[in-house]
Amino acid sequence: MFTHQPTKRFITLGQFIIERQSDFQYAKGELSRLLRDIGIASKIVNREVNKAGLVDIIGDFGVTNIQGEDVKKLDVYANEQFINALRSGGECLAIASEENEDLVDIESEVSKNANYVVCIDPLDGSSNIDVNVNIGTIFSIYRRKEGMTGPTRLEDFMQKGTEQVAAGYVIYGSSTMMVYTTGKGVNGFTLDPSIGEFCLSHPDMKIPEDGSIYSINEGNYAHFPRGVKDYIKFCQVDDKATNRPYSTRYIGSLVADFHRNMIKGGIYIYPSTGKSPNGKLRLLYECNPLAFIAEQAGGVASNGVKRILELQPEALHQRTPLFIGSKKMVAKAEELLRNAVEKVV
Ligand code: AHM
Ligand code: MG
């Protein structure tokens, strides 16, 4: 006898965003449309990332971005896609992008009444583009500051991470995923290439409280502060009871390292170094969005002393050290940093 098996219901990103719209206090659909626009642009970027080895789209573009790094063609392409999507969507007033020194003002008729600004790293992990290793997109969304009218100003972007209304990342990997939060937990969507839709695959993501993976570029060891060196030694000690030595995993793409640690438990560190006292990573479009996601998933993000989300931004491309991931691991790193400072005093 034939018994009807109910088919498992697929929830697409678009459906999910609409279902959850009322979670958000300004539930007018504007934020939903912004997230949808970012989702669409990321599918276009994904298509190009996937054929990066086939067409002449990889390789240096021949210009240097404001961070002094070589810009790859794909970075430029991704930047344009996200800006275009946000421009035509009508909900975004201005964008702060890793690829643009100044704010990108969206001067379009459709967006003149928009209420949101977006910070974005369109293609993070750029050194991995030409070697077929995971790269990602990171984004953060803020509502314009209360009472601000007229053209966008820098102040619209100088808001603490605690003010983010949404943040997320896209990982272009063995499969492509979008993970985001609007402050009510974290959900992950995997792109089903057969239907061209992101489908809910990782509902209510949680970072394990503890882990046994540490991710840091140990090549810079000699330049690390004492406390970071102490933490690395702690990770390497043989101690069965605490699962040590931990494993080291470092892809060199923040999104990929963070995503793995989200799922398996772990810590990602980019500390200050002798050469770069504020580390390498940017507060607005790398650290704040991932810190929001980490906290929403039960993890922690700090600059070693203070919660990332409470840092007051002072410049668009400001950098900060980052310690992010499983609660217990970040707490231990902070403890050793404190101890090292006390020893010196
Ligand atoms: P990018 O935005 O220019 O790609 O730089 C950020 C990347 C992160 O994805 C990654 O974690 C880090 O830089 C790697 O830096 P390093 O090569 O110094 O370890
Ligand atoms: Mg980056």
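Both ligands and their constituent atoms are indexed starting at 1 by order of listing. Quick note: numbers below take in every heavy atom, side chains included, and nothing from hydrogens, waters or symmetry partners.
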(message) So if I apply the salt bridge (charged side-chain N to carboxylate O under 4.0 Å, His left out) rule between Glu98 and each of Arg319, Arg282, Lys280, which one comes out positive?
(response)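 Single pass found, and it is Arg282.
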(request) Out of Ile216, Asn217, Val255, indicate the one that has the non-hydrogen atom closest to atom 17 (O) of ligand 1. (result)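 Of the listed residues, Asn217 has the closest heavy atom.
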(request) Could you label the plane-to-plane angle of the Tyr231 and Phe234 rings as parallel, tilted or perpendicular, counting under 30° as parallel and over 60° as perpendicular? (result)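 Correct class here is parallel.
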(request) Classify the ring geometry between Tyr180 and Phe189 as parallel (under 30°), tilted (30 to 60°) or perpendicular (over 60°). (result) parallel
Output yes when the distance from some N or O of ligand 1 to some N or O of [X] is under 3.5 Å, and no in every other case.
{"X": "Asn220", "result": "no"}
{"X": "Ser126", "result": "yes"}
{"X": "Asp257", "result": "no"}
{"X": "Leu123", "result": "no"}

(request) Give a yes or no on whether a salt bridge exists between Lys332 and Glu335, defined as a side-chain N under 4.0 angstrom from a carboxylate O. (result) yes
(request) Indicate yes or no: does Lys73 engage Asp75 in a salt bridge with an N to O separation below 4.0 Å. (result) no
(message) What do you get for the angle at the Mg ion (ligand 2) between OE2 on Glu286 and OE1 on Glu98, to the nearest 10 degrees?
(response)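 About 100°, to the nearest ten degrees.
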(request) Check for a donor-acceptor pair, side chain of Gln164 on one end and backbone N or O of Gly161 on the other, with a separation under 3.5 Å. (result)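 Pair found, side chain donor or acceptor close to backbone of Gly161.
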I'd like to check which ligand 1 atoms, numbered from 1 as shown, lie under 4.0 Å from a non-hydrogen atom of [X].
{"X": "Arg282", "value": "1 (P), 2 (O), 3 (O), 5 (O)"}
{"X": "Glu286", "value": "2 (O), 6 (C)"}
{"X": "Asp121", "value": "2 (O)"}
{"X": "Tyr270", "value": "15 (O), 16 (P), 18 (O), 19 (O)"}
{"X": "Glu98", "value": "1 (P), 2 (O), 3 (O)"}
{"X": "Tyr268", "value": "10 (C), 11 (O)"}

(message) Tell me which N, O or S atom from Asp124 is the closest to the Mg ion (ligand 2).
(response)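 The closest N, O or S atom of Asp124 to the Mg ion (ligand 2) is OD1.
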(message) To make sure I understand the geometry: which N, O or S atom in Asp121 is closest to the Mg ion (ligand 2)?
(response) OD2
(message) Heavy atoms only, cut-off 4.0 Å: how does Leu254 contact ligand 1, side chain, backbone, both, or neither?
(response) both
(request) Would you check if Ile138 and Ile120 make a side-chain contact, meaning some heavy-atom pair closer than 4.5 Å? (result)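 The answer is no, as the side chains (C-beta and beyond) never meet within the 4.5 Å cut-off.
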(request) Evaluate the side-chain proximity of Met262 to Tyr169: yes if any heavy-atom separation is below 4.5 Å, no if none is. (result)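 The answer is yes; the side chains approach within 4.5 Å.
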Report, one line per pair, each donor and acceptor closer than 3.5 Å where one atom sits in a side chain of residues 34-44; sequence neighbours left out.
{"unit_1": "Ser42", "atom_1": "OG", "unit_2": "Ile38", "atom_2": "O", "d": "3.4"}
{"unit_1": "Ser42", "atom_1": "OG", "unit_2": "Gly39", "atom_2": "O", "d": "2.8"}
{"unit_1": "Lys43", "atom_1": "NZ", "unit_2": "Gly196", "atom_2": "O", "d": "2.8"}

(request) If a pair satisfies side-chain hydrogen bond (donor to acceptor under 3.5 Å, both in side chains) and one of its residues is in residues 263-278, list it, with sequence neighbours excluded. (result) none
